[in-house]
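Here is the structure we will look at, set down as structure tokens.
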Amino acid sequence: MTTTDPDTADDTGGPEPSDAAASPRISRLEWGLMEVGGLAPGKDFVLYPGGGHPWDWAVHGTRHSPGIQPGDVRELLERGAAVVVLSLGMQERLGVAPPTAELLREAGVDVHVRETRAAAALYNTLAAAGRPVGGLFHSTC
């Protein structure tokens, strides 16, 4: 069940978009360092509509090979991402594990896999357009 606050409802009866649910923007990216709006600087990030946090690869067992694990992207989906951007690292050494690709295919979300700088640029463009975008960003190899 959902409820609507009458102070935030538009004339169609639905809630107005909230900046709180906007995907945070990447403001700086260089080797080993990312700056993201509202978050402390860090190396790798999990970003989603409404926030983000540092990406700890150990949580789901991510390694360069076989790559990004299903648990990493599952969080993005659970937090409302309809578009997912996955970075491969600055030298494209991070893979995407086959079960992860399968999970995203089954979820029916738009998925973009790019080198980190290209991934960040695309992510920022989608976020600026108000799309519910989530992403995983690796700022080194």
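Computed from a predicted structure; not experimentally measured. The chain is numbered in sequence order, starting from 1.
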Q) Less than 4.5 Å apart, any side-chain heavy atom of V84 and any of L86? A) yes

Q) Listed by chain and number, what are the salt bridge (charged side-chain N to carboxylate O under 4.0 Å, His left out) partners of R117, not counting sequence neighbours? A) E115

Q. Honestly curious: do F45 and L88 fall in one hydrophobic cluster under the side-chain, below-4.5 Å linking rule?
A. no

Q) Who are the side-chain contact (heavy atoms from CB on, under 4.5 Å) partners of H53, not counting sequence neighbours? A) V46, Y48, E75

Q | From OG1 (T116) to CZ (R93), nearest 0.5 Å | A | 12.5 Å

Q.
Enumerate the salt bridge (charged side-chain N to carboxylate O under 4.0 Å, His left out) contacts for residues 124-133, please, sequence neighbours excluded, ordered by first and then second residue.
A. D110-R131

Q: Taking all heavy atoms of G134 and all of A81, pick out the closest pair and write down the distance.
A: N-CB, 3.6 Å

**Q.** Residue pairs, two or more places apart or on separate chains, that pass ring-ring contact (aromatic ring centres under 6.0 Å, His included) and touch residues 109-133
**A.** Y123-F137

Q | Residue pairs involving residues 132-141 (criterion salt bridge (charged side-chain N to carboxylate O under 4.0 Å, His left out); sequence neighbours excluded) | A | none

Q: Please collect all ring-ring contact (aromatic ring centres under 6.0 Å, His included) contacts where either partner lies in residues 69-89, sequence neighbours excluded, each pair once.
A: none

Q.
Suppose we screen for salt bridge (charged side-chain N to carboxylate O under 4.0 Å, His left out). Which residues come up paired with E92, at least two apart in sequence or across chains?
A. none

Q. Short question: side chain of S23, backbone of P132 - any donor-acceptor pair under 3.5 Å?
A. no

Q | same_hphob_cluster(I26, M90) at 4.5 Å side-chain heavy-atom cutoff | A | yes

Q: Quick one: closest heavy-atom pair of R25 and N124, and the distance?
A: CA-OD1, 3.5 Å

**Q.** Of all pairs that satisfy salt bridge (charged side-chain N to carboxylate O under 4.0 Å, His left out), the ones with a partner from residues 40-53, not counting sequence neighbours
**A.** none

Q | Gap between atom CG of L77 and atom CG of L103 - 0.5 Å precision | A | 6.0 Å

Q. If you group Ile, Leu, Val, Met, Phe, Trp and Tyr by side-chain heavy-atom gaps below 4.5 Å, do V109 and V83 land in one group?
A. no

Q.
Taking salt bridge (charged side-chain N to carboxylate O under 4.0 Å, His left out) as the definition, give me every residue that meets it alongside R114, ordered by chain and number, with sequence neighbours left out.
A. none

Q.
Are L122 and V96 connected into the same hydrophobic cluster when the rule is that any two of I, L, V, M, F, W, Y join if their side-chain heavy atoms are below 4.5 Å apart?
A. no

Q: Indicate, with yes or no, if V111 and V85 share a hydrophobic cluster defined by side-chain heavy-atom contacts under 4.5 Å among Ile, Leu, Val, Met, Phe, Trp and Tyr.
A: no

Q: Provide the full list of salt bridge (charged side-chain N to carboxylate O under 4.0 Å, His left out) pairs with a residue in residues 50-71, sequence neighbours left out, each pair given once.
A: none

Could you list the donor-acceptor pairs under 3.5 angstrom formed between side-chain atoms of residues 66-73 and any protein atom two or more places apart in sequence or on another chain?
residue	atom	partner	partner atom	Å
Q69	NE2	G67	O	3.0
D72	OD1	W55	NE1	3.1
D72	OD2	T62	OG1	2.3
D72	OD2	Q69	N	3.3

Q: Would you check if the side chain of T125 reaches a backbone N or O of A121 as a donor-acceptor pair within less than 3.5 Å?
A: yes

Q.
Would you compute the distance between atom CG of L136 and atom CG of L47 and round it to the nearest 0.5 angstrom?
A. 8.0 Å

Side chains of residues 29-39: which donor-acceptor pairs under 3.5 Å do they make with residues two or more places apart or in other chains?
residue	atom	partner	partner atom	Å
E30	OE1	R28	NE	3.1
E30	OE1	R28	NH2	2.8
E35	OE2	R28	NH1	3.1

